Amino acid sequence: MQIIISHVNTDFDALASLIAANKLYPKAKIVIPNEQTAPVRQFLAIYRDSFDWIEDTLVDWSEVTDLILVDVASLSRLGNYTDQLDAEQMTITVYDHHTPSGNNVKSDYEVIEPVGATVTLLLEEIIKRKIPISPLEATLFGLGIYTDTGAFTFPNTTHREFMVAGFLLEQNMNLEVIQRFSDYKLNPEQQHLLTRLFSGAKTYEKDGLIVIVSAHQIDEFLIELATITDKLLEISGADAVLTVVKMEKHVHIVGRGRSNRIDLRPILEQFDGGGHPRAGSATVRRSELDDVLAEVDSRLDLILKTAVTARDIMSSPVATLAPESKIEAAGHLMDRGGYSGCPVVEDGRLIGIIARRDLEKANQHGLGHAPIKAFMSHDPITVEPGTTIEEVEELIITHNIGRLPVMADGQLIGIVTRTDIIEVLHS
């Protein structure tokens with residue numbers, strides 16, 4: 001028997017990849033794991049009869065000879081049937097977009113590439129072979145791409161997602177359906193858990209980033225911890241959130257992040273989990289909440305990438321002006337250097353900032369001969385060399401300023417501008 005299967009807690013990318021893989025392997029049977037995310041269950045409640053598949057509980061696993069894995073490369077993430085699979089006796093094919101890990105199965109053929117969604121890889125092959133797809137299939141494929149790329153905003157998004165999305169639109173992808181099923185609302189029980197996690201959250205400030213860890217225990221299994229964690233990240237404003245929840249006998253860990261300096265995979269892999277740099281999960285079976293929580297707390301440093309600091313991006317040495325410098329002379333200096341502003345220094349002390357707009361204001365009043373001290377900004381906000389780029393960005397936004405002098409031991413050693421921030425954000 002040839003089957004196509006994905007990971008438990010099946011999301012839209014996994015579901016879309018199952019259907020897309022069947023286009024490439026029409027003789028294979030699609031196997032739907034029994035556990036799916038709530039939005040996927042809602043989708044299947046309406047469209048279940050539109051696709052040809054079987055549930056994993058109905059498979060005779062001893063007869064499986066060809067295993068096609070999509071959106072997953074580890075047998076341990078297939079659910080309760082892992083022990084019934086003999087990888088040595090099967091031909092294994094893998095389509096996945098997650099970073100390879102030590103848990104990956106040894107495959108006979110694999111396509112593992114760092115794109116935004118696994119269904120992108122399959123769609124590229126479908127397009128290449130000119131295999132027709134229906135509007136409903138196009139819509140499901142679009143859901144897989146839209147949800148796994150955060151509406152094309154996650155950093156794992158590539159130009160390839162946009163290319164296949166254009167193809168899907170040509171195949172009459174229904175955007176209204178995509179919007180409806182990608183915006184999941186929490187039920188009362190899930191809202192209650194979110195409230196408990198929010199109220200019990202512990203906040204850590206590490207190297208300029210805010211990381212929240214929250215734990216709770218409930219007697220029953222409650223679906224959509226991933227969505228709950230998404231919403232906790234949203235309402236907390238943190239750079240990363242890790243929820244640790246014991247449900248029945250197992251402890252579930254879900255991580256979400258929003259900063260480029262967050263990579264959740266190293267800590268989740270400690271618990272045989274995985275995912276993306278900013279989204280992933282793990283399940284620790286038959287364990288105690290306090291034990292798992294202590295391990296998570298002790299390993300938080302694993303998720304932090306090295307900070308980019310003011311020292312890393314500042315311009316140095318810095319062109320400066322004396323307070324008695326004339327407006328016209330300051331303008332010439334800025335024109336030659338391409339500066340939008342300059343620090344004003346007197347007797348080695350930073351006393352102000354003169355911006356190009358200050359010069360323009362003076363020139364409009366015919367005061368090009370006046371000293372810049374009459375137009376400069378006093379008591380400028382400064383940063384230290386170790387100030388992180390996140391803190392620099394926050395200061396620029398909060399105070400609406402274009403540049404921050406970098407000070408060390410009372411001396412001006414550099415300057416960071418809006419342009420420097422933009423270059424880092426887009427590099």
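FYI, side chains are in, hydrogens and waters are out, and symmetry mates aren't considered; it's all heavy atoms of this structure. Here the structure is a predicted model, which means the values were calculated and not measured. Note that the numbering runs from 1 along the sequence shown for the chain.
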Query raised in the report: How close do F198 and S236 get, heavy atom to heavy atom, and via which atoms?
Result: CE1-CA, 4.5 Å
Report task. Please say which of V406, L404, V318 ends up in a side-chain contact (heavy atoms from CB on, under 4.5 Å) with I415. Result -> V318
Report task. Go through the side-chain N and O atoms of T139 and N174 and say whether any donor and acceptor fall under 3.5 Å apart. Result -> no
Report task. Answer yes or no: are there more than 12 heavy-atom neighbours, outside D335 itself, under 6.0 Å from its atom CG? Result -> yes
Query raised in the report: Can you tell me how far the CG atom of L123 sits from the CZ atom of F141, to the nearest 0.5 Å?
Result: 5.5 Å
Requested in this report: May I ask you to say whether D347 pairs ionically with R349, meaning some side-chain N is under 4.0 Å from a carboxylate O?
Outcome: no
Query raised in the report: Is there a donor-acceptor contact under 3.5 Å linking the side chains of D230 and T227?
Result: no
Query raised in the report: Is N103 atom CG crowded by more than 12 heavy atoms from other residues, nucleotides or ligands, each under 6.0 Å away?
Result: yes
Query - Short N-O contact, E234 and R258, less than 4.0 angstrom - result: no
Query raised in the report: Just wondering, are more than 12 heavy atoms of other shown residues or ligands nearer than 6.0 Å to CD in E220?
Result: yes
Query raised in the report: Do the side chains of I353 and D358 get nearer than 4.5 Å, heavy atoms only?
Result: no
Query raised in the report: Do the side-chain N and O atoms of E161 and T158 include a donor-acceptor pair separated by under 3.5 angstrom?
Result: yes
Report task. Would you name the heavy atoms of L15 and T10 that are closest together and state the gap between them? Result -> N-CG2, 3.7 Å
Query raised in the report: When rounded to the nearest 0.5 angstrom, what is the spacing between CG in L367 and CD in E328?
Result: 10.5 Å
Query raised in the report: Using 4.0 Å as the upper bound for N to carboxylate O, is an ion pair formed by K373 and E346?
Result: no
Query - Closest contact, heavy atoms only, T388 versus A307 - result: CG2-CB, 4.0 Å
Query raised in the report: Is the shortest heavy-atom distance from the side chain of F271 to the side chain of E295 under 4.5 Å?
Result: yes
Query - E248, CD: over 12 other non-hydrogen atoms inside 6.0 angstrom - result: yes
Query raised in the report: In Å and rounded to the nearest 0.5 Å, what is the CG to CG distance from L122 to D71?
Result: 9.5 Å
Query - Heavy atoms from other residues, nucleotides or ligands near NZ of K305 exceed 12 (cutoff 6.0 Å) - result: yes
Requested in this report: Test S340 against every option in R403, R418, R356 by the side chain to side chain donor-acceptor pair (under 3.5 Å) rule and name the one that passes.
Outcome: R403
Query raised in the report: How many angstroms lie between CG in N104 and CG in L75, if you round to the nearest 0.5 Å?
Result: 9.5 Å
**Report entry** Student check: side-chain heavy atoms of I313 and I421 closer than 4.5 Å
**Finding:** yes
Query raised in the report: In terms of heavy-atom contacts, does NE2 of H159 have more than 12 from other residues, nucleotides or ligands at under 6.0 Å?
Result: no
**Report entry** Rounded distance [0.5 Å steps], OG1 in T320 versus CG in L333
**Finding:** 8.5 Å
Requested in this report: Return the minimal non-hydrogen interatomic distance between T309 and G386, and the atom names on each side.
Outcome: CG2-O, 3.8 Å
Report task. For residues Q190 and N187, determine if any side-chain heavy atom of one lies less than 4.5 Å from a side-chain heavy atom of the other. Result -> yes
Query raised in the report: side-chain contact (heavy atoms from CB on, under 4.5 Å) with W53: which of L18, I3, L44?
Result: L44
Query raised in the report: Does the side chain of L300 come within less than 4.5 Å of V213's, by heavy atoms?
Result: yes
**Report entry** CD on E125 to NZ on K23, rounded to 0.5 Å
**Finding:** 14.5 Å
**Report entry** V251 to S287 - nearest heavy-atom pair and separation
**Finding:** CG2-OG, 3.4 Å
Query raised in the report: Is the number of heavy atoms from other residues, nucleotides or ligands under 6.0 Å of Q191 CD greater than 12?
Result: yes
**Report entry** Any L78 side-chain heavy atom under 4.5 Å of D56 side chain
**Finding:** no
Query raised in the report: Around R299, counting heavy atoms of other residues, nucleotides and ligands shown, do more than 12 lie under 6.0 Å from its CZ?
Result: yes
Query raised in the report: Side chains of M314 and I413: closer than 4.5 Å at any heavy-atom pair?
Result: yes
Requested in this report: Please name the pair of heavy atoms, one in I46 and one in F181, separated by the smallest distance, quoted to 0.1 Å.
Outcome: CD1-CZ, 3.8 Å
